[in-house]
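What follows is a single structure, written as structure tokens, with notes after it.
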2 protein chains.
Amino acid sequence: MELRHLRYFVAVARHLSFTAAAESLGVAQPPLSQQIRDLEAEIGTALFERTTRRVALTRAGIDFLAQALAILEKSGEAMARARAIGAGAAGIVNVGLTGSMLAGPLGRAIRDFAVAYPDVDLRIHEMSPDRQIAMLKAGQTDISFLRSPPPDADLVSVRAWRETVTLVLPKSHRLAPTAVIELADLSQERFVFLRLSDSLFAKHLWACCVEAGFVPDITHEVVEAASLTSLVAAGLGIAIIPEFVARLAHADVVYRPVAGKTISADVHALWVGERAGPLIGNFLALVRSEA
Amino acid sequence: MELRHLRYFVAVARHLSFTAAAESLGVAQPPLSQQIRDLEAEIGTALFERTTRRVALTRAGIDFLAQALAILEKSGEAMARARAIGAGAAGIVNVGLTGSMLAGPLGRAIRDFAVAYPDVDLRIHEMSPDRQIAMLKAGQTDISFLRSPPPDADLVSVRAWRETVTLVLPKSHRLAPTAVIELADLSQERFVFLRLSDSLFAKHLWACCVEAGFVPDITHEVVEAASLTSLVAAGLGIAIIPEFVARLAHADVVYRPVAGKTISADVHALWVGERAGPLIGNFLALVRSEA
DNA sequence: TGAATTGATATTTTTATCGTATGGATCCGC
DNA sequence: GCGGATCCATACGATAAAAATATCAATTCA
């Protein structure tokens, strides 16, 4: 049995006429009769009761009609779904990221993507950077967003958006009134950092401090980027955070740009080259257009 | 797209090898490649990622595999169902009858039929005789069982089983001790009858009485056959009932055969000739074999 | 009763599927 | 690193399946 048999059968069952059905199918009547005959022979029972003048469904035919319609509909859906997935308009995208990403273009991109591709299931997985890389390689996520990712032969990496950093000071800090602050001015400060063992971005900041001529005095290490601002507000030190995170303004702190050589907080997208479906490309393109 | 494409696709997806899949399908490898190629062209997206050395499903392919399996299974089921219905091993049978039938062979037949044909849905519709005939003609029931059915050009009728009648007397009745009772002996009795306007069988009994030389004195008319025995037990008259109904013995009455010319209570099966499916034949054959 | 309509049948034409032969690419063993 | 083996793709002739044309038989309706 082939789908053609079902298409022909449904046409005859709809019109209850071989002639009319053949016309609607765009074929001649004899091949239609022949195909129905073949179908009945394969099933082993008559689907139509035909006199030369009237065509009627048998009981078996009535049941088979319902099944045939369901099968044909399912076939069409299967093709449409595969086509949509292939075109990147349907499917699942698992996105790895750290919480501090969502304040920037990524947050907007996630929202807009859901609107643009309603048949795509976008799933967010908030994790530490090294776990993100492990999940990517294990195939459990499709794309990850990291600041300062390490080079890796298995992974493709492009910059998703440019971002710089912002200094966070307690309102009462001696430098709070100062407009222009350079990194070197902070050599005697006490710092609140993301945990160096977790955060690649924190290591990058540390390296920038060293390049500026001092080793930062890190008094507290936290995991969540949002915690940094709170600790600064509590007067436990100062912090350097990605500029978009500073948009979640806190009343008890002030934000100041870091003058001098720009400190990068750029975010890079990473994925496994071979498993890059069109969905990933579509999503990444949207993220970059938001920047 | 044809089911062949799905069969071929599933084979390749199962083996993840064109060569092995072709062998399992019993075709050569090139036509298999060709069909997969055609399928992918029609869908508009690749279902496999192939290097010359490795075959893997794409995301679209993974989704399509699940759909293809479901469609193929459904196709097989549809054929099997149609085959079963055509062979009279599946479907629905609507049976029209009056309650007094179920005490006889029909009750056993219904039970046994459900065992023999588990895929057949046998539905009982208890109705008055004229309503049964109307339902038959309207196509709402498939077969009916009636005593003394009227001849009808649209309906086919065969005797389903032979049955005679039993006289029902109150225990205290003057004839209760008598073993041999003829119909003519009852000319002075008061009778409980099924309603003459409803029951063809009651009309038949009335005619038998007239033939025996008297017009029965009908003091009560009821609809349910079971009510007859209760009324007799209450001393309101005597009754003549089909013999199988007498099997539901009542403590306050006695049952006596009617001697002389046999009074028929035969049950006939009726159906519409053109709409007689194999199921009806199978069911009727079982009923007759129970008799 | 005869014209018209409808489905079945016979035969030719066309299309599509299949099989064989072959080529290119990768992997594996030496 | 080289040669054989394996695997999928391509090309082409053979074959089978489907479609079209012509025609027939049966029924309906005028």
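Just so we're on the same page: letters track the sequence lines, and every chain starts at 1. What you see is a predicted model; the values in this text were computed from it and never measured.
- Considering A/Val93, A/Asn282, A/Ile92 in turn, A/Val93 is the only one that fulfils the side chain to side chain contact (heavy atoms under 4.5 Å, CB included) rule with A/Val120.
- Straight-line distance from the CZ atom of B/Phe18 to the P atom of C/dG23: 21 Å, rounded to whole Å.
- Rounded to an integer number of Å, the gap from CG of B/Leu3 to P of C/dT17 is 13 Å.
- Between B/Asp38 atom CG and C/dT17 atom C1' the separation is 10 Å, expressed in whole Å.
- A 4.0 Å heavy-atom criterion places the boundary nucleotides of DNA chain D facing chain A at D/dA18 to D/dT28, written 5' to 3'.
- Side-chain contact between A/Pro149 and A/Leu270: present, with at least one pair of heavy atoms (C-beta onward) separated by less than 4.5 Å.
- Remark: C1' of C/dA10 and CD of A/Gln29 are 13 Å apart, rounded to the nearest angstrom.
- In terms of position along DNA chain D, the nucleotide closest to B/Ala20 lies nearer the 5' end than the nucleotide closest to the other residue of the pair A/Tyr8 and B/Ala20.
- Between the side chain of B/Arg147 and the backbone N or O of B/Asp266, no donor-acceptor pair lies under 3.5 Å.
- OP1 or OP2 of C/dA8 sits under 4.0 Å from a side-chain N or O of A/Arg50.
- Relative ring orientation between B/Phe64 and B/Phe9 is described as perpendicular, the plane-to-plane angle rising above 60° on a 0-90° scale split at 30° and 60°.
- Taking atom CD on B/Gln34 and atom C1' on C/dT20, their separation rounds to 15 Å, with Å as the unit.
- Within the 4.0 angstrom heavy-atom criterion, no nucleotide atom of any strand lies near A/Arg54.
- A donor-acceptor pair under 3.5 Å is absent between the side-chain atoms of B/Thr141 and the main chain of B/Ile143, judged by distance alone.
- One interatomic measurement links the two molecules: CG of B/Leu39 to C1' of C/dA16, which rounds to 16 Å at whole-angstrom precision.
- As judged by a 4.0 angstrom heavy-atom cut-off over every strand, B/Phe48 is placed among residues making no nucleic acid contact.
- Listed nucleotides: C/dT9, C/dC18, C/dA21. Nearest to the side chain of B/Pro31: C/dC18.
- In this structure, B/Leu25 atom CG and C/dC18 atom C1' are separated by 13 Å, rounded to whole Å.
- Among the protein residues, A/Gln35 comes within range of the sugar-phosphate backbone only, with heavy atoms under 4.0 Å from sugar or phosphate atoms but none that close to a base.
- Surrounding CD of B/Glu23 are at most 12 heavy atoms belonging to other residues, nucleotides or ligands under 6.0 Å away.
- Contact check, A/Thr19 against C/dT5: no side-chain N or O comes under 4.0 Å of OP1 or OP2.
- Taking side-chain N and O atoms only, B/Thr51 has no distance below 4.0 Å to OP1 or OP2 of C/dT26.
- Of the possible donor and acceptor atoms, one in the side chain of B/Glu40 sits under 3.5 Å from a partner among the backbone N and O of B/Phe48.
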